[in-house]
Amino acid sequence: MKKQKILTRTIVLVSFVSLFTDIASEMLYPVMPVYLRSIGFSVLLIGVLEGLAEFTAGFSKGYFGNLSDKKQSRLPFVQWGYFLSAISKPLMAIFIFPVWIFFARTLDRLGKGIRTSARDALLSDETTKEHKAKVFGFHRALDTVGAAIGPVVALVFLYYYPEDYFWLFFIAFLPGLFAIALTFFIKEKKASAKENKPRVTFFSFLKYWKRSPALYKRLVFGLLFFTLLNSSDVFLLLNLKEHGFSDSEMIGFYIFYNLIYALISYPVGVLADRLGMKKILVSGFAVFAVVYIIMGVTSTLWMFVLLFFLYAFYAASTESIAKAWISNISDKAETATAIGFYNSFSSICTMLASGFAGFIWVVYGPKVTFLISGIGVAFVVVYLILFVSESRTKINA
């Protein structure tokens, strides 16, 4: 009997597309708060910008995920999504007016919204339930390799051209173009066309909640509760600046975090398939709670190194595992809708979390901001342990 191939050509190609896209995005992400501050953005306005950008990505993830399911097509959404994100990079440097910055950042997030749910469904379609965490972990690993390479490029560039952010945005456009080219080599499995397809409106995906399994509802509720307490990682980088670290050191921390994240994502996926996704997910959230509580009270270099290492474990144990779990408990024909629904409301929660974190940061400082998140996520851990069962048969859908 022929052994099933876990990492297919499509999975590998999609993962490399994400790698090059993240090189482009992550060249800018760690310097984005510094760049925005340099052109007059306050910490609160940065929080609002990130929140609104995520809000745009959010609802578009739900809509385009639902549309992908109805059309039984994934690839066009993947291609257009990566295209919009690529062209948004140089737009950020053309003008520094707040309205233009909001437009360019939103265009980038819209591209992410168009592609994300269809891409995740494409990955899900390529494997079986027994290997979902491995596949999503592999994709996350390559995605995060790009997230590590990007800041290295930024670090080298800024070493020779300090604070020359203008050209950095244009350089970030190049790996984005390469990612777009790779999408034309992807082949998706064609599903049989459905008759009498209902018309898809912008909010049609909201109807999925009513017909979704009970396990999906309980899991997504817990995940969204967590997201309300998890502000943008920009605040972690700003915290380093608050403690006197230079731009280069700040980027160095971000590179370190992404390298660890990339190295352990696939092994963590293997563990999740063997031990159960709930155990790994709960462990990741527990680590997040500890990291944030300590982040608010520490100031030493070695503790920051340890915290960013642990934060990488949290990241590897949650995002890809959550999507793999959701894809396992949803109907195959509605995978993009199920993931899109979660992604949509996750982005809304991120918007609220980032805005709230920015407000708390300005009024009470970083210590209180991190403590609130850490203590709140501890309650999420308790909820998942008590109310979410991994086996679908234990909870009537």
Side-chain angles (χ1 to χ4, degrees), residues 28-59 61 92 96-106 108-109 112-113 221-245 247 250 253-254 257 285 288-299 304 307-308 311 314-315 318-319 343-381 383:
L28 305 178
Y29 188 79
V31 302
M32 187 68 72
V34 181
Y35 170 68
L36 293 175
R37 291 292 294 272
S38 72
I39 61 175
F41 277 61
S42 66
V43 174
L44 178 59
L45 192 56
I46 291 173
V48 173
L49 170 61
E50 288 297 307
L52 287 177
E54 287 300 329
F55 176 82
T56 301
F59 265 104
K61 286 173 186 174
M92 289 285 289
I96 61 173
F97 303 117
V99 174
W100 182 264
I101 296 295
F102 271 78
F103 166 76
R105 182 66 175 148
T106 300
D108 175 51
R109 296 295 86 187
K112 187 176 181 65
F221 179 81
L223 293 174
L224 295 181
F225 184 18
F226 163 76
T227 309
L228 275 173
L229 299 161
N230 179 25
S231 57
S232 170
D233 290 347
V234 164
F235 292 100
L236 294 176
L237 301 178
L238 287 174
N239 187 50
L240 293 175
K241 292 290 291 183
E242 290 285 332
H243 284 85
F245 290 92
D247 289 357
M250 178 188 69
F253 269 98
Y254 196 64
Y257 154 73
F285 285 153
F288 177 97
V290 172
V291 167
Y292 263 60
I293 290 172
I294 299 176
M295 186 74 73
V297 297
T298 193
S299 60
F304 279 123
L307 291 176
F308 272 80
Y311 195 69
Y314 137 74
T318 54
E319 183 179 352
N343 283 334
S344 288
F345 283 92
S346 178
S347 294
I348 294 172
C349 291
T350 298
M351 177 193 69
L352 296 174
S354 294
F356 179 68
F359 173 77
I360 296 298
W361 185 293
V362 170
V363 177
Y364 299 104
K367 180 178 179 179
V368 176
T369 304
F370 291 122
L371 285 176
I372 289 175
S373 292
I375 294 171
V377 172
F379 286 99
V380 176
V381 171
Y383 167 81

Could you give the distance from CG (Leu238) to OG (Ser231), rounded to the nearest 0.5 Å?
10.0 Å
Distance check, rounded to the nearest 0.5 Å: Phe288 atom CZ versus Ser373 atom OG?
5.5 Å
Answer yes or no: does atom NZ of Lys241 have more than 12 heavy-atom neighbours from other residues, nucleotides or ligands under 6.0 Å?
yes
So Phe370 and Leu236, side chain to side chain contact (heavy atoms under 4.5 Å, CB included) or not? Walk me through it.
CA-CA 9 Å; Phe370 291 122; Leu236 294 176; 3.6 Å; yes
Can you tell if the side chain of Phe103 reaches within under 4.5 Å of the side chain of Thr106, non-hydrogen atoms only?
no
To the nearest 0.5 Å, tell me how far Ile360 CD1 sits from Phe235 CZ.
10.5 Å
Would you say the side chain of Trp361 lies within less than 4.5 Å of the side chain of Val368, judging by non-hydrogen atoms?
no
Can you name the closest pair of heavy atoms from Ala378 and Ala289 and give their distance?
N-CB, 4.0 Å
Is the closest side-chain heavy-atom distance between Phe285 and Leu223 below 4.5 Å?
yes
Side-chain heavy-atom pair Lys61, Lys112 within 4.5 angstrom cut-off
yes
Close side-chain approach of Tyr364 and Thr369, heavy atoms under 4.5 Å
no
For Gly222 and Val380, the nearest pair of non-hydrogen atoms, with its separation, is O-CG1, 3.7 Å
Do the side chains of Leu229 and Phe379 get nearer than 4.5 Å, heavy atoms only?
no
Under the side chain to side chain contact (heavy atoms under 4.5 Å, CB included) criterion, do Tyr292 and Asn230 qualify, and how do the steps go?
CA-CA 10 Å; Tyr292 263 60; Asn230 179 25; 3.9 Å; yes
Let's go through Phe304 and Leu240 carefully: what are the C-alpha distance in whole Å and the side-chain angles of both, what is the deciding distance for side chain to side chain contact (heavy atoms under 4.5 Å, CB included) to 0.1 Å, and is it a yes or a no?
CA-CA 9 Å; Phe304 279 123; Leu240 293 175; 3.9 Å; yes
Hey, are the side chains of Arg105 and Asp108 touching, using non-hydrogen atoms and a 4.5 Å cut-off?
yes
Atom pair CG/CD1 of Leu307 and Ile293 - distance to nearest 0.5 Å:
11.5 Å
Say whether Asp233 and Tyr311, considering side chains only, have a donor N or O and an acceptor N or O under 3.5 Å apart.
yes
Are more than 12 heavy atoms from other residues, nucleotides or ligands located less than 6.0 Å from atom OH of Tyr383?
yes
Closest non-hydrogen atoms of Thr298 and His243, given as atom of the first, atom of the second and distance, are O-NE2, 3.4 Å
Here's a test for you: under ring-ring contact (aromatic ring centres under 6.0 Å, His included), which of Phe245, Phe253, Tyr254, Tyr314 qualifies with Phe308?
Phe253
As an exercise, state the distance from OG of Ser299 to CD of Glu242, rounded to the nearest 0.5 Å.
13.0 Å
